[in-house]
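Note sheet for the following structure.
Values below: all heavy atoms of this structure, side chains included; hydrogens, waters and symmetry mates excluded. For reference, positions follow the sequence shown, starting with 1. Both ligands and their constituent atoms are indexed starting at 1 by order of listing.
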Amino acid sequence: MRFSKTFVKTLREAPKDETAKNGALLTRAGYIHKEMAGVYDFLPLGLKVIENIKTIIREELNKLGCEEILMSSLQNPEPWEKTGRFSDQEVDIWFKTELASGGVLGLAPTHEEPITELLKSYVSSYRDLPLYVYQFQTKFRNELRAKSGILRGREFLMKDLYSLHTSEEDLDRFYAEVEKAYERIFERLGIGDCTFETFASGGIFAKYSHEFQTFLPVGEDTVYYNADKSVVLNKEVLDEEVMADLGVKREDLQETTAAEVGNIFKLKFKYSEPLGLNYIDEENAQKTVYMGCYGIGVSRLMGVIAEKFADEKGLVWPETVAPFKYYLVGIGENGIRTAEEFYTGRETEIFFDDRNLRPGEKFADSELMGLPYRIVISDKTLTEDAAELTNRQTGETRLIKLTEL
Ligand code: ATP
Ligand code: MG
């Protein structure tokens, strides 16, 4: 991609109302555009980051045999009324809208009810189970606090996976597979060493749910962890009984802030029972389906990764999520010509700063935008048939022969 050919421009200053670091940097670097508090657009480079995150999640889920779908945002109140979740007393985060022909629709804040309803049309026998479906979908939530950039949106991207089973054992088996898949996902996203599976409140049926919490100064959650971080628990479940359960003592635990990037939940019959998602077992008896649900905050992850790795010069993307691996700059007549030649055929890997600007401005933008490596080809490096390669994260620079490059 050529810098000169995209409409995106970098900004020297962040918008005044953008107080979160992730929001400010991603806006300045041209990845996102703010519509209003908690509502953002993804620009070409930002969309690439989102797509890279989705690809990693998709690959890991497909390995488990999950099938991808895309459900609607507009929601018929009916199934939500059956579970009591359309009422503003129960759930106050709905965006609701009047239907021109009368009645009310909602914009989905999550999809347990509609997926349960949908699968009623396809599941009738034990032979149809287990099954696993997921989607990448825009959720709408009327969040009270939306001041954390893309960490908390009123409109945001979520991956939500739902699993259906004939037994608790099978739900447990799949839940454990998802735990491992999530670990691989966060590892591949570059946040494996700061993201921990965390005990959280489980609701009525299971004792705990599990969150995946990335330790982060601006994270909105408070978690407690032991020395080797083998036990991490959300503040909401910190009590004597839970600590005894997990074999830890209060004095062994340290407190920190974290951002919830995902969570997994054994729903059991929570939605299948009120909505009537049943199947016929081998003895011809009607049974209720066991369910699990598993979320990942896709747009929040982009913000978490931005926050986590940024330095005083700007963003620093892990290679796996970076929109391009290389930022290319040519300096001087020969440098620019050689850079052009080098770029040709490598357009998908290289972001080529071919603008007619001073090198200093290009270097500043390369640091702001945070691509993993910068390649500079100048008349000077060409005297050694080489280019200068700079690692954005370490700042380390070396000359590398063009033939090796
Ligand atoms: P939180 O406690 O942060 O509000 P939640 O418990 O409401 O999260 P879920 O409803 O389980 O979260 O959603 C699944 C995932 O979606 C969360 O783990 C989080 O990563 C992400 N998420 C939730 N709310 C938002 C939001 N308003 N903006 C961006 N991502 C969100
Ligand atoms: Mg929430």
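Distances below 4.0 Å separate heavy atoms of E143 from the following atoms of ligand 1: 24 (N), 26 (C), 27 (N). Applying the 4.0 Å criterion to heavy atoms of R141 picks out, from ligand 1, the atoms 5 (P), 7 (O), 9 (P), 10 (O), 12 (O), 13 (O), 23 (C), 24 (N). The V261 neighbourhood of ligand 1 comprises atoms 18 (O), 20 (O), with distances under 4.0 Å to a heavy atom of that residue. Each of the following atoms of ligand 1 lies closer than 4.0 Å to a heavy atom of M158: 13 (O), 14 (C), 16 (O). Heavy-atom proximity to G297, at under 4.0 Å, picks out these atoms of ligand 1: 15 (C), 16 (O), 20 (O), 21 (C).
A cation-pi arrangement is found for K54 relative to F136, the charged atom lying closer than 6.0 Å to the ring centre and inside a 45° cone about the ring normal.
Each of I56, V133, L161 was checked for a side-chain contact (heavy atoms from CB on, under 4.5 Å) with L61, and the lone residue meeting it is L161.
Electrostatic pairing of R188 and E60 counts as a salt bridge here, judged by a charged N lying under 4.0 Å from a carboxylate O.
Heavy atoms of T110 stay at 4.0 angstrom or farther from ligand 1.
The option with the heavy atom closest to atom 12 (O) of ligand 1, from among M302, E260, E112, is E260.
Close N/O approach between G153 and ligand 1 is found [any backbone or side-chain N/O within under 3.5 Å]. Where the criterion is an N or O separation shorter than 3.5 Å, residue side chain and backbone included, R300 meets it with respect to ligand 1.
Side chain to side chain, E211 and Q213 meet the donor-acceptor criterion of an N or O pair below 3.5 Å.
Looking at every heavy atom in both residues, A322 comes nearest to N52 through O-ND2, 2.9 Å.
If you look at R152 next to ligand 1, the close heavy atoms, those under 4.0 Å, come from the backbone and the side chain alike. Proximity of L151 to ligand 1, defined as any heavy-atom pair under 4.0 Å, is confined to the backbone N, CA, C and O atoms.
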Q | Candidate pair Y294 and S163, rule side chain to side chain donor-acceptor pair (under 3.5 Å), full reasoning | A | CA-CA 8 Å; Y294 317 83; S163 70; 2.7 Å; yes

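Judged as a salt bridge (charged side-chain N to carboxylate O under 4.0 Å, His left out), not a single pair has a partner in residues 39-48 (not counting sequence neighbours).
For the atom pair OH of Y31 and OG1 of T10, the computed distance is 11.0 Å after rounding to the nearest 0.5 Å.
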